[in-house]
Amino acid sequence: MDVTERKRIGKQLRRERDLTRRILDTCPVTILVIDAERTITFGNERMNEVMGAEDIAGTPLSEVPWTIYEDGEPVPAGRRPFDMIREREEPIYDLQYPARINGRHRWLSINGVPLYDDGEFDGAVFAVEDITDRKRREQALSTVHEVTNRMMRAGSGEEVCELAVAAATELLSVSRAAVYAFDSETHALRPAARSPAARSSSRLARGSTTARRSGRRSSTARRGWSTATRRRP
């Protein structure tokens, strides 16, 4: 192979490498490569964002600021994704874990495949996706389904309203929620069910209104007394 051919091949390899790097860096999921010694040898831009560093190559896996959980406890050694791939020597797909990343609770979906060098295990490639929003939607749909079934079995309209308030506080993450029913006789809305915070807020509002009215009456009385006093001969 002459010099020109070697240069052409080298240029082609660099272009393919750069293209691969750009594809990995624009990928919305975390991509990382871990060698057999549990050291990260590559991480894309998304992984660097998670780590808060420009380049995490050379970082031991133990120093990655996230912890995955199983049954409420950190996943022990031997059951972690890297250990599973090394032990079984086969890929893993969509293993879902609750996790804590830099102090934040998230849900992760982990996929990984083993790497080999001359038939020997040489590490693994992982694609890690943040599925927190998906999990929240799934939980919300499950709650809606459960509440709907309970409403259908409710024995009264009042119970339906109470269930609706409870669902609203959970699904919308609000503390004050209320359901109002239309009174056909008075043509007005009346509270049919309220959360504890809404009831408390309503009592405070009524107390404030009563105090303002009392204050206005007292002020009027004082003004009347003062005027009558000045008019005395």
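Predicted, not measured: the structure shown is a model, and the values here were computed from it. Residues: numbered from 1 along the sequence shown.
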Would you please name every residue forming a side-chain contact (heavy atoms from CB on, under 4.5 Å) with E159, sequence neighbours left out? A154, S156, L163
Any chance you could measure M84, atom CE, to E89, atom CD, to the nearest 0.5 Å? 14.0 Å
L61-I68 co-clustered via ILVMFWY side chain contacts under 4.5 Å: yes
Considering residues at least two apart in sequence or located in another chain, which fulfil the side-chain contact (heavy atoms from CB on, under 4.5 Å) criterion with T186? D183, A188
Report the distance from atom CG of D122 to atom CD1 of I34, rounding to the nearest 0.5 Å. 12.5 Å
Should we count CD of E87 as having more than 12 external heavy atoms under 6.0 Å? no
Tell me which donor-acceptor pairs under 3.5 Å the side chains of residues 165-182 have, and how far apart each pair is, sequence neighbours excluded?
unit_1 : atom_1 : unit_2 : atom_2 : d
T169   : OG1    : V165   : O      : 3.4
T169   : OG1    : A166   : O      : 2.8

Can you pull out every salt bridge (charged side-chain N to carboxylate O under 4.0 Å, His left out) where at least one residue sits in residues 31-43? Sequence neighbours excluded, please. R38-D83
How many angstroms lie between atom CD1 of I110 and atom OH of Y93, to the nearest 0.5 angstrom? 15.0 Å
Can you name the residues that form a side chain to side chain donor-acceptor pair (under 3.5 Å) with H105, not counting sequence neighbours? none
Using the test side chain to side chain donor-acceptor pair (under 3.5 Å), find all partners of E158 that sit at least two apart in sequence or belong to another chain. none
Counterpart residues, side chain to side chain donor-acceptor pair (under 3.5 Å), relative to S109 (two or more places apart): D94
Is the shortest heavy-atom distance from the side chain of V29 to the side chain of N111 under 4.5 Å? no
Of all the heavy-atom pairs spanning T30 and R46, show the shortest one and how long it is. OG1-CG, 3.3 Å
Does S142 use its side chain to pair, donor to acceptor, with the backbone of E138 at less than 3.5 Å? no
Looking only at heavy atoms, the pair that brings I85 and P114 closest together is CG2-CB, 3.6 Å
Atom pairs and distances, donor-acceptor, side-chain atoms in residues 125-137, under 3.5 Å, two or more places apart:
unit_1 : atom_1 : unit_2 : atom_2 : d
D130   : OD1    : T132   : N      : 2.9
D130   : OD1    : T132   : OG1    : 2.6
D130   : OD2    : R106   : NE     : 3.0
D130   : OD2    : R106   : NH2    : 3.2
T132   : OG1    : R106   : NE     : 3.3
T132   : OG1    : W107   : N      : 2.9
K135   : NZ     : Q96    : OE1    : 2.9

Tell me the closest heavy-atom pair linking R194 and P191, and the distance in Å. NE-CB, 3.9 Å
About how many Å separate CD1 of I31 and CD of E45, when rounded to the nearest 0.5 Å? 13.0 Å
Locate the shortest heavy-atom distance separating F121 from F82; write the atom from each residue and the value. CE2-CZ, 3.9 Å
Within a strict 4.5 Å, meaning less than it, do heavy atoms of the L115 and V33 side chains meet? yes
List the steps and the verdict of side-chain contact (heavy atoms from CB on, under 4.5 Å) for V64 and L32. CA-CA 11 Å; V64 175; L32 66 157; 5.6 Å; no
Check ring-ring contact (aromatic ring centres under 6.0 Å, His included) between Y97 and all other residues, then give those that pass, not counting sequence neighbours. none
Is it the case that the side chain of T148 and the backbone of V144 share a donor-acceptor pair, with hydrogens and angles ignored and the cut-off at 3.5 Å? yes
For R79, enumerate each residue passing the salt bridge (charged side-chain N to carboxylate O under 4.0 Å, His left out) test, keeping only those at least two apart in sequence or located in another chain. E70
With sequence neighbours left out, write down each residue that passes side-chain contact (heavy atoms from CB on, under 4.5 Å) with D71, or none if nothing qualifies. none
ring-ring contact (aromatic ring centres under 6.0 Å, His included) filter on Y69, not counting sequence neighbours, yields none
